[in-house]
Structures are given as C-alpha cells and as structure tokens.
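In this text the structure is predicted, and so the values were computed from the model without any measurement.
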Amino acid sequence: MNPNLSRLFIALTLLFAFPGFLPAQTNDETTKAAIRAVIEAQAAAWNRGDVEGYMDGYDRSPNTEFVGGDSITRGWQQVLDRYKQKYDSREKMGTLTFSDLEINILSKDAALVLGRWRLKRANDEPHGTFTLLFRKTKAGWRIVHDHSSSA
C-alpha cells in the first residue's frame with residue numbers, strides 16, 4: 001500500500017474513532033457563532049419593540065440575574081418586568097445596537113461576553129458596557145447573569 005494512503009487511512013480512522021481528537025478551536029468558533037446569534041436576535045427583537053422576544057436570550061430561570069445601576073434583579077420574570085416597566089413605549093426603547101463584542105469561552109457550557117450597548121432615541125443616546133455570563137442550557141446558549149452599566 002502507498003505510504004501516503006496508509007497515513008491518510010490512519011488519520012481518518014483516528015478522526016472518526018476519537019471525535020475529541022478534533023481541535024477545540026472548531027468547537028469554540030461554533031459556540032461563539034451561537035452566542036452571537038442570540039445577541040443579534042435580541043437586538044432585532046428589541047428594535048421590533050418585542051421585549052419578550054428580547055428576553056428569549058435569557059435563561060428562563062429564577063436564578064437569572066440582571067445587575068444595573070444600584071439594583072440587582074433576580075429571576076427571569078422579574079427581569080422581564082423590570083424591562084417592561086423601564087421601557088414601556090417604543091420611544092423609550094429606541095434602536096438598540098451592540099458593538100465591540102468579546103466572547104471568551106470558559107468551558108464547554110459557559111462563556112463570558114464583554115461589549116458595548118447603545119440606544120438611539122429621538123432626544124438622547126444612552127450607552128454603556130456590559131458583561132454577560134452565558135450558559136449552555138437545554139434551550140441553547142442563554143444569559144444567566146447580565147451586568148450592564150451606563151456611561
């Protein structure tokens with residue numbers, strides 16, 4: 001048998017026999033793409049005026065946390081209620097953009113995301129930074145902790 005074919009056969013055998021043999025970078029890139037998709041879907045929902053759609057990016061758990069200003073809100077429903085109270089009109093919601101995303105994979109089921117947010121409204125442009133802790137859940141990658149600040 002040709003030595004090159006033998007090496008190829010061995011390499012393919014190892015690849016299929018040991019899926020963990022694949023480089024982690026492939027998995028990291030897939031994870032980063034999935035997390036970006038969640039964040040992009042959140043911005044799209046927000047910009048449609050769909051707060052509940054925006055909240056689909058968060059884990060529907062009583063342990064989900066939002067930290068902003070001088071408050072800590074715990075529980076998916078409580079975070080939803082906070083958003084609905086604070087942004088009770090399309091004018092207050094404005095147009096949301098996220099930028100400067102840095103996605104750091106911490107483990108196979110956790111990632112830390114840093115970035116910037118900006119709301120463009122008729123009379124102002126509030127903006128700031130955020131740190132999100134994502135966990136891989138049964139529903140996919142979801143935010144379990146959000147710490148957002150405004151500039």
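Smallest separation of non-hydrogen atoms from D146 and S148: OD1-OG, 2.7 Å. Counting all heavy atoms, side chain and backbone alike, V79 lies closest to T73 at N-CG2, 3.7 Å. Heavy-atom minimum distance, A111 versus I105: CB-CD1, 4.1 Å. Closest heavy-atom contact between I143 and Q42: CD1-OE1, 3.5 Å. Summarising the geometry of Y83 relative to M55, their closest heavy-atom pair is CD1-SD, 3.7 Å, with the distance given to 0.1 Å. Shown here for P126 and W117, the closest heavy-atom pair between the two residues is O-CZ3, 3.4 Å.
Hydrophobic cluster membership for L106: L112, L133, V144 (Ile, Leu, Val, Met, Phe, Trp, Tyr linked by side-chain heavy atoms under 4.5 Å, directly or transitively). When hydrophobic side chains of Ile, Leu, Val, Met, Phe, Trp and Tyr are connected at separations under 4.5 Å, V67 ends up clustered with I72.
Considering only heavy atoms from C-beta on, T31 stays 4.5 Å or farther from F134 through its side chain.
Residues that satisfy the salt bridge (charged side-chain N to carboxylate O under 4.0 Å, His left out) test with D124, not counting sequence neighbours, are R121. Remark: F98 engages F130 in a ring pair (Phe, Tyr, Trp, His ring centres under 6.0 Å) (not counting sequence neighbours). With sequence neighbours left out, Q85 forms a side-chain contact (heavy atoms from CB on, under 4.5 Å) with no residue at all. With sequence neighbours excluded, no residue forms a salt bridge (charged side-chain N to carboxylate O under 4.0 Å, His left out) with R90. Partners of S61 by side-chain contact (heavy atoms from CB on, under 4.5 Å), not counting sequence neighbours, listed by chain and number: D59, N63, T64. Under the rule for a salt bridge (charged side-chain N to carboxylate O under 4.0 Å, His left out), R82 has no partner lying at least two apart in sequence or in another chain. For D50, the side-chain contact (heavy atoms from CB on, under 4.5 Å) test picks out A45, R48, E52, with sequence neighbours left out. In this structure, D81 has no salt bridge (charged side-chain N to carboxylate O under 4.0 Å, His left out) partners at least two apart in sequence or on a different chain.
Screening residues 103-119 for salt bridge (Lys or Arg N to Asp or Glu O under 4.0 Å) gives D100-R116, D109-R135, R118-E125 as the qualifying pairs, with residues at least two apart or on separate chains. Residue pairs meeting the salt bridge (Lys or Arg N to Asp or Glu O under 4.0 Å) criterion with at least one member in residues 65-75, sequence neighbours excluded: E65-R74.
How far CG of L119 is from CG of L96: 5.5 Å, rounded to the nearest 0.5 Å. Here the straight-line distance linking atom CD1 of I39 with atom CG of L132 works out to 6.0 Å at 0.5 Å rounding.
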Walk me through it: do V51 and L80 pass the test side-chain contact (heavy atoms from CB on, under 4.5 Å)?
CA-CA 8 Å; V51 176; L80 172 62; 3.8 Å; yes
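Counted within 6.0 Å of NZ on K32, heavy atoms from surrounding residues, nucleotides or ligands total more than 12; the atom is thus considered enclosed.
Between Y58 and W76, the ring centre distance reaches or exceeds 6.0 Å.
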